[in-house]
2 protein chains.
Amino acid sequence: MSMGINHELYKVFYWAAKTGSLTQAARKLYLTQPSVSHAIKQLEERFGVTLFSRTARGVELTQEGAVLYSYIEQSQMLITLAEEKMAALRNLESGELRIGGSDSLFKHYLLPYLEKFHERYPGIRLHLNHGTTPEIIGFLKEGRIDLGVARMPIVDPQIQATETYQLQDCFVAGMRYAHLKDEVLSLERLLEYPIILFSRNSRARMTITEVFQSRGLSLRPEIEVGSVDLLIEFAKRGLGISYVAKEFVTKELEEGVLFEVRIDVPLPPARVGILTMSNVPLSGAASAFIELVCEGNGNRNV
Amino acid sequence: MSMGINHELYKVFYWAAKTGSLTQAARKLYLTQPSVSHAIKQLEERFGVTLFSRTARGVELTQEGAVLYSYIEQSQMLITLAEEKMAALRNLESGELRIGGSDSLFKHYLLPYLEKFHERYPGIRLHLNHGTTPEIIGFLKEGRIDLGVARMPIVDPQIQATETYQLQDCFVAGMRYAHLKDEVLSLERLLEYPIILFSRNSRARMTITEVFQSRGLSLRPEIEVGSVDLLIEFAKRGLGISYVAKEFVTKELEEGVLFEVRIDVPLPPARVGILTMSNVPLSGAASAFIELVCEGNGNRNV
DNA sequence: TTATTCCCATAGACATTGTCTATATCTCCT
DNA sequence: AGGAGATATAGACAATGTCTATGGGAATAA
């Protein structure tokens with residue numbers, strides 16, 4: 001096309017001006033001298049201006065050529081920087097990874113992976129955005145995070161969810177209810193005690209409510225909290241029986257400040273997965289992180 | 001070659017990112033959509049990174065793509081500015097013209113041309129460097145001026161001199177020597193009066209000295225000055241007879257404060273010319289100025 | 001001076017690759 | 001469901017970028 005100037009010519013011009021020699025520019029660009037000569041001539045014809053004065057030992061910028069160079073030099077520097085940056089991004093020496101999830105999943109599930117990731121790729125900045133599952137899905141759709149971690153299932157068609165982990169929810173109580181330690185309670189018996197549940201819009205809450213409903217029972221919590229930490233804290237202080245993932249209270253169970261209140265129905269395991277946008281390609285950092293998470297448990301990310 | 005990335009691709013990338021649509025980018029670049037698609041794909045393959053996420057109504061930058069864009073956008077802006085600047089230079093809407101010459105030639109010869117040039121090309125900044133002929137030649141060789149104006153002949157092979165004007169040197173005196181008004185002096189008679197000459201290294205001085213020498217006479221000035229203004233001023237005040245170009249004292253001759261002291265030998269006309277470097281191409285502004293100067297007198301610049 | 005060398009310009013042939021047309025696929029919207 | 005509009009892909013063609021070969025000029029050295 002006769003429209004616009006081929007930007008490739010500026011690269012040639014840059015090296016010709018920088019080295020002061022078409023021959024050396026050719027060497028830098030892995031071209032032959034006539035090619036460079038031709039390129040410069042094209043530029044000169046397009047601009048209707050002479051860019052170099054040709055001498056016996058090379059070329060020298062004319063006044064107009066020097067003006068052009070003052071712009072092109074900067075332009076080329078930026079391109080060089082861009083190319084270096086892209087190489088760094090590709091090698092995961094640079095970049096950022098933005099993850100969305102709940103406090104508890106970060107703390108009890110992702111933390112070791114985050115540590116390992118940071119150790120392996122120290123150049124990548126980590127941004128952790130905590131929020132509820134719908135908030136995380138919102139962040140994903142807005143492009144504010146690269147991936148999310150949440151309890152499955154996720155219904156949204158735009159979201160791709162890969163299960164990577166399972167949690168076993170259970171009821172736990174503190175020493176105030178120590179007499180329940182050796183019992184196996186029916187759901188009806190359990191309802192005689194104050195129950196502490198996570199807030200209404202959580203997946204765990206929905207799951208356990210269904211379990212009771214399927215047996216014609218209505219589960220109404222005494223206390224409703226917004227964080228797993230409070231769930232644990234309230235149980236420890238004897239305010240009631242908390243429903244929480246066993247994996248989140250391993251320490252408390254070991255120390256004996258909490259114990260599991262066994263019941264006579266099996267509770268379905270909670271599946272935890274990594275959420276990404278179906279149609280948005282993953283960043284290198286995000287793929288690497290997902291790979292890292294899936295490494296241990298045989299899961300494969302699509 | 002597989003070395004380096006074709007910078008033309010960045011132009012395509014820029015428009016694709018800016019418009020958010022490969023189709024629209026194609027329209028901007030007078031290409032077809034598959035060409036743009038192909039160009040983006042090449043970039044992605046080279047970087048090993050996905051730059052856009054393709055959606056149903058266009059494309060959107062990925063995280064990595066946004067990083068690249070932040071560099072490329074600036075780079076493209078600079079190129080656009082460069083192209084605008086070059087167009088301005090070509091149209092003489094911008095730029096600068098650096099001229100070297102003596103005070104007197106600027107004042108009495110070039111001034112009207114400079115005025116006309118500035119009127120016709122108001123965007124071009126004028127730089128006037130005054131100096132002696134050897135200094136001007138030095139400036140030319142250093143590239144500090146685009147052209148010079150000096151008395152001919154100029155011997156230097158690197159310098160191209162084009163004669164554009166003739167001066168008629170003559171001897172002038174003030175009213176103190178009014179009695180010489182109607183005389184025609186021989187050179188010998190002239191030497192009886194105090195002579196005021198320009199400084200030793202000037203072309204005019206050399207010329208007149210030769211005239212005397214060729215007749216076996218020795219011309220030794222009473223006063224030697226460094227500027228034409230002083231030459232005139234001293235003559236006016238009666239300190240002696242000055243040797244000066246008639247064209248530089250037209251006003252004084254008309255006003256009667258000076259008169260020409262006629263002598264009985266013809267003095268050769270002094271040729272004034274424009275000096276440029278033989279091997280250095282002229283800037284647009286310089287060519288335009290030379291053309292302007294030559295316009296009136298039929299001279300043609302090579 | 002003459003020879004040599006280094007540089008750039010030019011010409012013409014060749015092959016790379018950039019570009020197009022035609023078509024497929026997908027998503028969104030009616 | 002079907003249409004509109006977006007991008008992806010395949011394959012053919014041609015523009016043009018690149019090379020080899022050569023010539024000319026200016027500086028350098030003998």
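In this text the structure is predicted, and so the values were computed from the model without any measurement. Letters A, B, ... mirror the listed sequences (proteins, then strands); counts begin at 1.
- Applying the salt bridge (Lys or Arg N to Asp or Glu O under 4.0 Å) rule to B/E8 yields the partners B/K11; only residues at least two apart in sequence or on another chain are considered.
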- Item | Pair A/E83-A/R90, salt bridge (charged side-chain N to carboxylate O under 4.0 Å, His left out): steps then yes or no | CA-CA 10 Å; A/E83 290 173 349; A/R90 175 172 168 52; over 6 Å; no
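- The CG atom of A/L31 sits 12 Å away from the P atom of D/dG17 (whole-angstrom rounding).
- Between A/L51 atom CG and C/dA9 atom C1' there is a gap of 16 Å when expressed in whole angstrom units.
- Residues meeting the ring pair (Phe, Tyr, Trp, His ring centres under 6.0 Å) test with B/Y121, sequence neighbours left out: B/F117.
- With sequence neighbours excluded, no residue forms a side-chain hydrogen bond (donor to acceptor under 3.5 Å, both in side chains) with B/H38.
- Across the helix from C/dT1-D/dA30 to C/dT30-D/dA1, the helix axis at one end is tilted relative to the axis at the other end by 30° (nearest 10 degrees, each axis from five pairs).
- Across all strands shown, A/Q158 has no heavy atoms under 4.0 Å from either base or sugar-phosphate atoms.
- Put simply, OH on B/Y30 is 18 Å from C1' on C/dC20, counting in whole angstrom units.
- Using a 30° and 60° split on the angle between ring planes, B/Y109 and B/Y165 fall in the parallel class, below 30°.
- Residues forming a salt bridge (Lys or Arg N to Asp or Glu O under 4.0 Å) with B/E135 (at least two apart in sequence, or on another chain): none.
- Atom CZ in A/F52 sits about 10 Å away from atom P in C/dA9, given to the nearest Å.
- Rounded to an integer number of Å, the gap from B/E60 CD to C/dT27 C1' is 15 Å.
- Counting only residues at least two apart or in different chains, side-chain hydrogen bond (donor to acceptor under 3.5 Å, both in side chains) contacts with residues 18-28 of chain B comprise B/Y14-B/K18.
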Heteroatom pairs (N/O) under 3.5 angstrom, protein to nucleotides 3-8 of chain C:
unit_1 : atom_1 : unit_2 : atom_2 : d
C/dC8  : OP1    : A/L22  : N      : 2.7
C/dC8  : OP2    : A/T23  : N      : 2.9
C/dC8  : OP2    : A/T23  : OG1    : 2.4

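- Rounded to an integer number of Å, the gap from CG of A/L9 to C1' of D/dG17 is 10 Å.
- Listed by chain and number, the residues in a side-chain contact (heavy atoms from CB on, under 4.5 Å) with B/R271 are B/M152, B/P153, B/E163, B/Q166 (sequence neighbours excluded).
- Across the protein-nucleic acid pair, A/N279 atom CG and C/dT25 atom P stand 18 Å apart, rounded to whole Å.
- Residue pairs meeting the ring pair (Phe, Tyr, Trp, His ring centres under 6.0 Å) criterion with at least one partner in residues 39-64 of chain A, sequence neighbours excluded, are A/F13-A/F52.
- Phosphate proximity of D/dG17 to A/S35: absent, as no side-chain N or O sits under 4.0 Å from OP1 or OP2.
- One atom, CD of B/E44, and another, C1' of D/dT7, lie 12 Å apart when rounded to the nearest Å.
- Partners of B/E60 by salt bridge (Lys or Arg N to Asp or Glu O under 4.0 Å), not counting sequence neighbours: none found.
- Here B/K141 pairs with B/D156 under the salt bridge (Lys or Arg N to Asp or Glu O under 4.0 Å) rule; sequence neighbours left out.
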Between the protein and nucleotides 11-14 of chain C, list the N/O to N/O atom pairs that are separated by less than 3.5 angstrom.
none

